[in-house]
Enquirer: 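Here you go, one structure.
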Amino acid sequence: MSSLTVQDLTKSFGATPVLAGVDLQVPAGSLTALLGPSGCGKTTLLRLIAGFDDPDSGTVALGDRVVTGAGRSVAARRRGIGFVPQEGGLFPHLSVARNISFGLSRRQRRDDARVRELLDLVGLDAGLAERAPHQLSGGQQQRVALARALAPEPSLVLLDEPFSSLDAALRDETRVAVASALAAIGATAVLVTHDQAEALSIADQVAVLRQGRLVQLTDPRTLYRQPTDLDVAAFVGEAVILDADVRSGVAHCVLGDLSGEWAGPGDALPDGPARVLLRPEQLRLGAPGSEAPVARVLRVDFYGHDSRVWLQLADGAAVSARLEGTDVPSAGDDVAISVRGVARVFPPRAGAVQGTAVAAG
Amino acid sequence: MLRRHPVTLALAVCVAALALLPLGYIAGYTVDVGWSGIQELVFRPRVAELLWNTARLVVGTVACCVVLGVGAAWLVERSDVPLRRVWHVLLAAPLAVPAFVNSFAWISLLPGLDTYAGALLVVTLSYFPFVYLPVAAAFRGLDPALEETARGLGLSSWGVFRRVHLPQLRVAVLGGSLLVALHLLAEFGALRMLRYPTFTTAIYDQYRATFNGPGATMLAGVLVLICLLLLLAELRLRGRRGYARTGRGAVRPVRPVRLRRLTLPSLVCLAGLVGLALVVPLASLGYWMVTGSSAAVDVPVLLTTTGTTLALGAGAAVLTVALAVPTGWLAVRARGRISTVLERSTYLGSSVPGIVIALALVTISIRATPWLYQTVPVLLAAYVILFLPRAIVTVRSAVEQSPPLFDDVAASLGASAPDRLRRVTLPLLAPGLGAGAALVFLAVVTELTATLLLAPTGTTTLATAFWSASSALEYGAAAPYAVVMVLLSAPATVLLSRDARRGLTT
């Protein structure tokens, strides 16, 4: 397995730019999730890496070997890149075993042991080998597609939204099976998804793509805690975003005085208007009466393992809090809000008037 | 998209040009003749009489076919009439009896059928499956959820039929009616045998009398014009709305309507229809086989003729499917205006009656390529033009089953282009290509009109041998050829009753 390096890759379809200079570094043996809303160019990026399309400019390298760039392009079939398409894409005229052995040499194709080994790797029973693809469930088809892609021992595996067509229960199970199969052989893999929970839970690093550009490339924890801007913050999870006024390192906002951590350029937290990011699980609710700011409970969404509480703040803004356990308030209650942890502080909205932020504080 | 398939595009353009050759010939000839020539040749009582004959036969037949086809389809697909599957096959089976064989069967028993009513009876019995099959398929495809939703919104049974079923059947009924009308306009053998004069028989007589006078060509021009008007009318009536199901998943089976006391009358109606359309012609053929005075079957000649027919059918099938591949491929893989135009032009070309195609090819081959006149290649070209759509429809749906994704996946697994063709594309296309070839083969086996005009001297097919014997009133000698044709056509009927949407779109 080798690393993948993408440099300044651009691609347009007609007059529409799809990728506008993407750089991406995937270390050998790691799983990277390409995360972005639909239409952000992530599938195009995957197809360029696989060699199904040629970019307008830029380079793609596997380890030290440049496969696209400087006017030359290695054909898809000579790249040694495994590909798992969205709905599996199993050849309907071939059995499971013949699908898996498709990419093997003629001699290896006769070797049943290899097929059994691969079925075992993706957590499937060897008894499925002679089934036709349409006799498998969606999750099984995805696993067979992965086994097929891994069979020729590729230097990189690409997965294009492999779980999006599966229903919720099957999706988790398949995701775990795929992740452990990839980990077992130390595969370098790139997985495209629009599902942030999937990206955060499965990947070693997440690349966030927006409008044909790479916005952030980092590990899942950092991405969730220190998103590069508020759009990324809202895309990778639920966000509580409030106007604030920063004075000597403290952000004053409708939820009180929060210790802040600056997300902009430079180290120090500059004074003046700003916006703060909190995650719903950072809000804690208590009985009103203390110094803490008070909010009215608008609605409670009860999920069993936890609940989301919709709150109306003193200035009229609505935010949500995530609470564990069964001890949750009811709609109409007044509650006091306290904040745990640090708020992430971002520059104010362009054109925002300073006075409103002060008033809110 | 088209830039990526230059060779395929060039081939598809050539195929479209071939398909449009007869139309172009007629158009060019009309321009040559000029307005005064048209006035002289077209505006005369004889043409008016043919027009009247053709129009009333088309209108009458379409009306009868719609009533019989929709009624039978409703009984088989929506009611609890016993033996529904058996009736379904029996109602598609008349397609196995070529119309000219059917009319031979009737007129040889009842010589008094050479009237409008006789022609109406015989062609309706031959063509009603063209309406029955698509309407039955449409009934089967109706999502019961739509009906249940409509009932939930307070509609009565009649309201459901009028506001839910009828709009959805519209496309099928219109399509079936168009098929009946186009087949009828092109029908030569059956009407000739019933001595009912229409454009096709008149063109044939003109052709026999003056070989290739402007008279025949101008009659052909009028006939082509009527065909084009019908195609346009059908397009306008069909409208642009989609009638495909929007939901996913399999359609639940419907609960059939209970007939109760109407069961017996319904069975009698179905039995009567099948009896007239299937039992009468088969019994008549059997009768002539056994009792015909000229019944001495010349087995070696029958075998040679069958061999010739099979060889022509196989050749035409392979050629037609091969020529259908570029067009069908582009229609799926490079969707767009150009692909649509190329696909539609083959449909347009084949909607021209066989006699016109034959006439055009005779004239063109005499003028442009005399060394090809009266040779097998010209005959094959006529078959290709006539039956291309059957092959394109099947190739197209086969290509749809083989999305480019499979090509990409195979490439990522290291397969080279020839390897991908051999290991992925061809295996996926093979069933569709086979079905297309079978449909063309069976159509060629019973083709009469173009074969009569274009077959090289001394080449006799089952259809032309049957034709010359029955024209000479040697019914006993004609019957064996008809029996072989019916036997060869039977598999096509099974194919059609299984998948009614396929192969009927000619």
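Please read these numbers as outputs of a predicted model, since none were measured by experiment.
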Enquirer: Nearest 0.5 Å, what's the CG-CZ distance between B:L413 and A:F102?
Expert: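 It is 6.5 Å, given to the nearest 0.5 Å.
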Enquirer: Given a strict heavy-atom distance threshold of 4.5 Å, which part of B:A410 is in contact with chain A: side chain, backbone, both, or neither?
Expert: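 When you check distances to chain A, atoms from both the backbone and side chain of B:A410 fall under 4.5 Å.
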Enquirer: What residues of residues 142-151 of chain A sit under 4.5 Å from chain B when only non-hydrogen atoms are counted?
Expert: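 Only A:R148, A:A149 of residues 142-151 of chain A have a heavy atom under 4.5 Å from chain B.
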Enquirer: Tell me, side chain or backbone of A:L104 under 4.5 Å from chain B's heavy atoms, or both, or neither?
Expert: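 Neither part.
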Enquirer: For the interface with chain B, which of A:R77, A:R47, A:Q86 has the highest count of heavy-atom pairs at distances below 4.5 Å?
Expert: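 It is A:R77.
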Enquirer: Contact part of A:A76 toward chain B, heavy-atom cut-off under 4.5 Å: side chain, backbone, both or neither?
Expert: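 For A:A76, backbone and side chain are both near chain B.
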Enquirer: Within a 6.0 Å radius of atom CZ on B:R422, are there more than 12 heavy atoms belonging to other residues, nucleotides or ligands?
Expert: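 Atom CZ in B:R422 is packed in, count exceeds 12.
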Enquirer: Quick check: closest heavy atoms across B:F406 and A:G89, and the distance to 0.1 Å?
Expert: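 Closest pair (atom of B:F406, atom of A:G89, distance): CE2-O, 3.4 Å.
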Enquirer: Does CZ belonging to A:R114 count more than 12 external heavy atoms closer than 6.0 Å?
Expert: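 Counting neighbours around CZ of A:R114, more than 12 heavy atoms of other residues, nucleotides or ligands fall under 6.0 Å, so yes.
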Enquirer: Would you say that more than 12 heavy atoms from the other residues, nucleotides or ligands in this model lie under 6.0 Å from the CZ of A:R106, or not?
Expert: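 Open: at most 12 neighbouring heavy atoms sit under 6.0 Å from CZ of A:R106.
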Enquirer: If you define the side chain from C-beta out and look only at heavy atoms, does anything of A:F52 sit under 4.5 Å from B:P404?
Expert: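 Not touching, per the 4.5 Å side-chain cut-off.
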Enquirer: Using non-hydrogen atoms only, which part of B:R420 is less than 4.5 Å away from chain A: side chain, backbone, both, or neither?
Expert: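 Side chain of B:R420 only, per the 4.5 Å heavy-atom cut-off to chain A.
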Enquirer: Within residues 159-170 of chain A, which positions have a heavy-atom distance to chain B below 4.5 Å?
Expert: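 Within residues 159-170 of chain A, near chain B: nothing under 4.5 Å.
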Enquirer: How close do B:L405 and A:P85 get, heavy atom to heavy atom, and via which atoms?
Expert: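 Between these two residues, the closest heavy atoms are CD1-CB, 3.4 Å.
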